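Model, not experiment: these values are computed from the prediction. Throughout, a chain's letter reflects where its sequence line sits, starting with A, and its residues are numbered from 1.
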Amino acid sequence: MKPPADEFQLMDAAAELAGRSLGDLAQRAGITVPGDLKHAKGWVGELLESALGATAGSRPVPDFENLGIELKTIPLNPRHQPQESTFVCTAPLINTAGLQWENSTVKAKLNRVLWVPVEATHDVPVAQRRVGRAILWSPSPAERKILRDDWEEHIERITLGYLDELDARLGTYLQIRPKALNSRQRTNARNHIGEPVSAVPRGFYLRTCFTRRVLSSFSNPSRNIAAVAAQRPTK
DNA sequence: TACTGATCATTC
DNA sequence: GAATGATCAGTA
């Protein structure tokens with residue numbers, strides 16, 4: 001699939017995928033469907049990237065670089081709600097002093113996201129799972145503020161060298177969790193007195209409750225309108 | 001059953 | 001080695 005030239009081409013391509021099965025998409029792309037995702041955890045995401053012409057590869061930039069749009073597949077449980085957290089990007093553990101939210105990778109990636117829901121019921125064979133309607137989303141001012149506050153709290157802990165305190169329970173919407181080959185992997189970091197130390201690599205993740213909010217606001221128009229209205233300054 | 005910490009595959 | 005794509009699986 002060629003990279004979309006603009007947002008409309010991307011949305012057309014995404015709309016064309018709605019209702020199709022992963023087996024269908026894989027066949028078109030000439031890709032074999034894995035029996036399960038245990039040893040192919042990124043397979044669905046990569047299939048959708050291929051189907052929509054994403055270009056970023058493994059660089060820390062949005063998938064559709066020219067459009068500034070990030071592609072995220074979102075696994076749905078049997079009730080068709082998001083069932084997993086969403087990886088955003090690697091968390092920096094060194095040289096974090098002076099980092100600003102405005103220049104952060106998190107902000108760049110979440111500024112505009114194409115969410116593509118995909119059925120993820122374990123009982124259903126991977127090939128039979130269907131793609132849902134894609135949503136082109138940007139954070140509301142209220143969401144932006146919370147994401148920024150979360151990010152700044154995490155970065156401050158890292159900058160102060162309190163890595164031991166980094167914990168998935170911190171952060172309202174944005175959390176930090178291990179992002180590694182295994183628990184033995186290490187990367188460079190600094191402790192609270194500025195000495196070089198080794199630490200498990202971390203990543204930023206969006207909590208499941210956050211993606212549930214995002215999707216439900218789109219599937220329930222009145223709720224979405226209410227959310228927008230609530231942000232309008234009263235006068 | 002929801003959530004956190006652990007893990008798997010691939011690319012550059 | 002570090003970035004991407006995530007889901008798995010044990011436990012609270």
Side-chain angles (χ1 to χ4, degrees), chain A residues 1 3 22 25-26 29 31-65 69-96 104-106 108-110 113-126 129 131 150 154 157-158 163-189 196-213:
Chain A
M1 182 69 185
L22 297 182
L25 268 59
I31 297 171
T32 305
V33 182
D36 63 66
L37 299 181
K38 186 171 178 177
H39 299 286
K41 296 182 178 179
W43 186 82
V44 177
E46 286 153 11
L47 179 67
L48 268 297
E49 282 187 345
S50 154
L52 293 172
T55 54
S58 66
R59 293 171 298 146
V61 296
D63 293 295
F64 301 98
E65 201 172 359
I69 296 176
E70 175 73 9
L71 173 65
K72 289 292 177 199
T73 57
I74 179 76
L76 300 183
N77 64 21
R79 297 170 57 196
H80 278 193
Q81 294 176 331
Q83 73 169 2
E84 280 285 357
S85 54
T86 302
F87 173 70
V88 180
C89 59
T90 303
L93 297 184
I94 52 171
N95 303 136
T96 52
S104 69
T105 305
V106 173
K109 291 222 171 198
L110 296 184
V113 178
L114 184 68
W115 302 99
V116 182
V118 177
E119 289 177 324
T121 309
H122 284 85
D123 298 346
V124 178
V126 176
R129 298 178 189 174
V131 178
D150 285 345
H154 294 314
R157 273 203 167 69
I158 293 169
L163 290 179
D164 296 342
E165 289 182 15
L166 280 187
D167 186 299
R169 285 164 291 196
L170 296 170
T172 304
Y173 293 153
L174 191 69
Q175 61 178 179
I176 284 198
R177 305 222 305 275
K179 173 65 172 171
L181 284 173
N182 53 54
S183 58
R184 279 96 61 196
Q185 191 184 351
R186 290 294 183 275
T187 192
N188 294 332
V197 293
S198 289
V200 179
R202 317 294 170 102
F204 287 111
Y205 294 79
L206 291 173
R207 293 184 182 280
T208 308
C209 63
F210 182 71
T211 45
R212 288 222 250 254
R213 275 175 47 112

By nearest heavy atom, map A/His39 and A/Cys209 onto DNA chain B; which one lands nearer the 5' end?
A/Cys209
Gap between atom CZ of A/Arg213 and atom CZ of A/Arg207 - 0.5 Å precision:
13.5 Å
Could you check how far NE2 of A/His122 sits from P of B/dA2, rounded to whole Å?
13 Å
Which is true for A/Gly42 with a 4.0 Å heavy-atom rule: it touches a base, it touches only sugar-phosphate, or it touches nothing?
base
Can you see which heavy atom on A/Val116 is nearest to which on A/Leu48, and at what distance?
CG1-CD1, 3.9 Å
Under 4.0 Å from OP1 or OP2 of C/dT4: is there any side-chain N or O of A/Thr90 that close?
yes
What pair of heavy atoms forms the shortest contact from A/Thr187 to A/Pro201, and how long is it?
CG2-CA, 3.9 Å
Separation of A/Asn182 atom CG from C/dC8 atom C1', in whole Å?
14 Å
Has the side chain of A/Lys179 got a donor or acceptor that lies under 3.5 Å from a partner of the other kind on the base of C/dG5?
yes
Which residue pairs pass the side-chain hydrogen bond (donor to acceptor under 3.5 Å, both in side chains) test when at least one of the two sits in residues 77-86 of chain A, sequence neighbours left out?
A/His80-A/Glu119, A/Ser85-A/Arg177
Under 4.0 Å from OP1 or OP2 of C/dG5: is there any side-chain N or O of A/Thr73 that close?
no
Would you classify A/Pro201 as touching base, sugar-phosphate or nothing, given that sugar-phosphate means primed atoms plus P, OP1 and OP2, and contacts are heavy atoms under 4.0 Å?
nothing
Nearest-Å distance, CZ (A/Arg202) to P (B/dT7)?
14 Å
Check A/Leu174 against A/Val88 and note the closest heavy-atom contact, atom names and distance.
CD1-CG2, 4.3 Å
Categorize A/Ala180 for me: base, sugar-phosphate, or nothing, with a 4.0 angstrom heavy-atom threshold over every strand shown.
base
Using a 4.0 Å cut-off on heavy atoms, which residues in residues 76-85 of chain A reach DNA chain C? List them by number, or say none.
A/Glu84, A/Ser85
Could you please name the option among B/dT4, C/dG5, B/dT7 that lies closest to any side-chain atom of A/Lys109?
C/dG5
So what does A/Thr187 hit on the nucleic acid, given a heavy-atom distance under 4.0 Å: a base, only sugar-phosphate, or nothing?
sugar-phosphate
Considering only side-chain heavy atoms of A/Asp167, which listed nucleotide, B/dG5, C/dG5, C/dC8, is closest?
B/dG5
A/Glu46 CD - B/dC8 P separation (whole Å):
16 Å
Measure from CZ on A/Arg169 to P on B/dA2 and round the result to the nearest Å.
18 Å
Nearest-angstrom distance from the residue atom CG of A/Leu93 to C1' of C/dG1:
14 Å
Measure across A/Leu52 and A/Phe64 and return the closest heavy-atom pair with its distance rounded to 0.1 Å.
O-CE2, 3.4 Å
For A/Trp115 and A/Leu206, which heavy atoms make the closest approach, and how far apart are they?
CH2-CD1, 3.7 Å
Among B/dA6, B/dT4, C/dA3, which nucleotide sits nearest the side chain of A/Arg207?
B/dT4
To the nearest angstrom, the CD-P distance between A/Glu49 and B/dT10 comes to 15 Å
Any donor-acceptor pair under 3.5 Å joining the side chain of A/Lys38 to the base of B/dT7?
no
Is the distance from OP1 or OP2 of B/dT7 to the nearest side-chain N or O of A/Ser183 less than 4.0 Å?
yes
Please report the distance, rounded to the nearest Å, between CD in A/Gln185 and C1' in C/dA2.
8 Å
Smallest heavy-atom separation, A/Cys209 atom then A/Thr172 atom, equals SG-O, 4.5 Å
